[in-house]
Number of protein chains: 2
Amino acid sequence: MGGPGDKQSEFDAAIALTGDGPVFGAVLDGRWNGHEGAHGGLLLSLATRAIGEVLAFPDPLVVSGLYLRPGSPGPVEVRTEVIRAGRTTAFGQASLCRDGKEVLRATAAYTDLTAAAARDGRFYAGIHPPDLPPPEQCQVLQRAANPPISFAMRIESRVTELPGWVTRTPPSGNPVYEGWMRFADGREPDLLSLPLFVDAVAPAALELDLRRMTTVELTVHLRARPAPGWLAYRTLTRYLADGYFEEDAELWDSAGRLVAQSRQLALVLR
Amino acid sequence: MGGPGDKQSEFDAAIALTGDGPVFGAVLDGRWNGHEGAHGGLLLSLATRAIGEVLAFPDPLVVSGLYLRPGSPGPVEVRTEVIRAGRTTAFGQASLCRDGKEVLRATAAYTDLTAAAARDGRFYAGIHPPDLPPPEQCQVLQRAANPPISFAMRIESRVTELPGWVTRTPPSGNPVYEGWMRFADGREPDLLSLPLFVDAVAPAALELDLRRMTTVELTVHLRARPAPGWLAYRTLTRYLADGYFEEDAELWDSAGRLVAQSRQLALVLR
């Protein structure tokens, strides 16, 4: 995470751990808040990092989180468990507790993605990166106007068309957002940052005129180590019914590879 | 699960629990084997059922499982934990252990889907049930020719076109399967059966000429209690790279509602 002379990035500071495990300490920093307490994707990146500390493989492969309560800024205890240390895959779990109350329960698998790629080179893509002009030709998606959502200041986002919640025009009815993202402070994306990024886009369900929602569960597949540069994203909702909706996200790196695929189940709030 | 005079269905027998919890007993029945030991979807249904036993809500809403080892037929211990009992959602966990070794780690959220539907009636569908002729006009997909895969005898499947692995023609290159499914013994589908059903279709990645694969993680969203009758399914793979692929499934009930949406990450085996 940078050489001795480097200033630590905002993200690395936010997922920093203390202690030797299996119980770690961390601090939820108010600069990474979503609508209600700590941003859900940031919490999942923090849990993924903690699980990686107790497993012998370098690369997170898949992580699932159950969102139990909002996490207010302040110290958290991160309890980890090695579920299974296999030969090609290791499995672990983390619980994030704030004031003794569990905020997030996450389970993850880690592997060595380089070794996996060497074992099987077959490729198929039924999905493709969004067809976007270069970031320099896109508009800046400014979310700073909404002060409690401080995490949006940590991430730069560019889009071809500003959404209705910015231009104050009615929702389109088409729940798909595409654009570019990167850390505002210039830190390059890595696997640990992808749980954050998949959840860092505004929910496409805003285009269905939903206003408030909360994540119940979020699963992220981590498919490749991202190349430096912007991430292209596509996020969409396929089904809303009976007070719940699913939201999928894809992240593509600057080399055009799919680096993360995620799906969450969210509850519509009144 | 049926009145006193009813014969227990094959599925209810397969997910039967003994004991009062939080640790339950169950038996992996060799009649529900996949390629390597107990069928993964069946294991997830069993874990979901066990979690439901210790939570105060009627309906499983989302369940995620990490597949740690194959589960050979025989007795298993199912350890459950209440993670959080909230007002509208409760969260729990289950570990399935065979001979002291953990086979599956699952986490789930339960709720009351009827109450959720009453709270918010908005609806959007960007996906639709597959356009299939009635089951009576479809072909029976016979999987009994492959003896170790005994679970396929427990489930009836109908398709419009037999896949290449049945007709011994080359894979199509298009990893999508659609068709109908139901229990062979006439048991009606319910929420607990959906983790089984989402994983009961042959992997669409067979159409990419993959032969052997194993599930690393499977997450299922349970969206509505299925109406009696056939389930229509669509299963597809969107991305295969570096030895891993994702597979999504949708299940639609006889009333045309989406009842389950799932995604798994699978490892290609040589």
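Letters go in sequence order (proteins before strands), and every chain restarts at 1.
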CZ of B:R79: more than 12 outside heavy atoms within 6.0 angstrom?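 It does not: B:R79 CZ has 12 such atoms or fewer within range.
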Hey, is CZ on A:R69 packed in by over 12 heavy atoms from elsewhere, all under 6.0 Å?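 Yes, CZ of A:R69 has more than 12 neighbouring heavy atoms, counting only those of other groups under 6.0 Å.
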For the student: nearest non-hydrogen atoms of [X] and [Y], plus distance:
{"X": "B:A224", "Y": "A:D242", "value": "CB-OD2, 4.4 Å"}
{"X": "A:Y124", "Y": "B:T237", "value": "CE2-O, 3.4 Å"}
{"X": "A:G92", "Y": "B:L66", "value": "O-CD1, 4.5 Å"}

Candidates B:V62, B:L222, B:L113 - the one meeting side chain to side chain contact (heavy atoms under 4.5 Å, CB included) with A:Y244: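 When B:V62, B:L222, B:L113 are each tested with A:Y244, the side chain to side chain contact (heavy atoms under 4.5 Å, CB included) holds only for B:L113.
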Can you tell me how far the CG atom of B:L210 sits from the CG atom of A:D120, to the nearest 0.5 Å?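 So the CG of B:L210 and the CG of A:D120 are separated by 7.0 Å.
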I'd like to know if the side chain of [X] reaches the main chain of [Y], judged simply by a donor and an acceptor atom lying under 3.5 Å from each other, with no hydrogens or angles considered.
{"X": "A:R263", "Y": "B:S262", "answer": "yes"}
{"X": "A:R223", "Y": "B:Y239", "answer": "yes"}
{"X": "B:R122", "Y": "A:V268", "answer": "no"}

Part of A:S95 within contact of chain B (heavy atom distance under 4.5 Å):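 Neither; nothing under 4.5 Å.
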Tell me, side chain or backbone of A:A115 under 4.5 Å from chain B's heavy atoms, or both, or neither?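 Nothing of A:A115, per the 4.5 Å heavy-atom cut-off to chain B.
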Residue selection (most heavy-atom pairs with chain B, distance under 4.5 Å) from [options]:
{"options": "A:G86, A:A125, A:G121, A:A118", "result": "A:A125"}
{"options": "A:L61, A:L208, A:V216", "result": "A:L61"}
{"options": "A:T219, A:T107, A:N174, A:I83", "result": "A:I83"}
{"options": "A:R257, A:Q93, A:H221, A:E217", "result": "A:H221"}
{"options": "A:K101, A:Q264, A:E250", "result": "A:Q264"}

Decide yes or no for A:R119 and B:L267: does some side-chain heavy atom of the first lie under 4.5 Å from some side-chain heavy atom of the second?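 Yes, at least one pair of side-chain atoms sits under 4.5 Å.
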Any non-hydrogen side-chain atom of A:E102 less than 4.5 Å from a side-chain atom of B:R84?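 The answer is no; the side chains never approach within 4.5 Å.
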Most chain A-contacting option - heavy-atom pairs closer than 4.5 Å, from B:A109, B:A205, B:A117: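 Among B:A109, B:A205, B:A117, the one with the most close pairs to chain A is B:A117.
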Go through B:L236, B:T111, B:L265 and name the one with the most non-hydrogen pairs under 4.5 angstrom from chain A.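 Answer, by heavy-atom pair count under 4.5 Å with chain A: B:L265.
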Counting only heavy atoms closer than 4.5 Å, note whether [X] contacts chain A via side chain, backbone, both or neither.
{"X": "B:R238", "value": "both"}
{"X": "B:E81", "value": "side chain"}
{"X": "B:A90", "value": "neither"}

Test of ring centre spacing under 6.0 Å for B:F91 and A:Y67: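 No.
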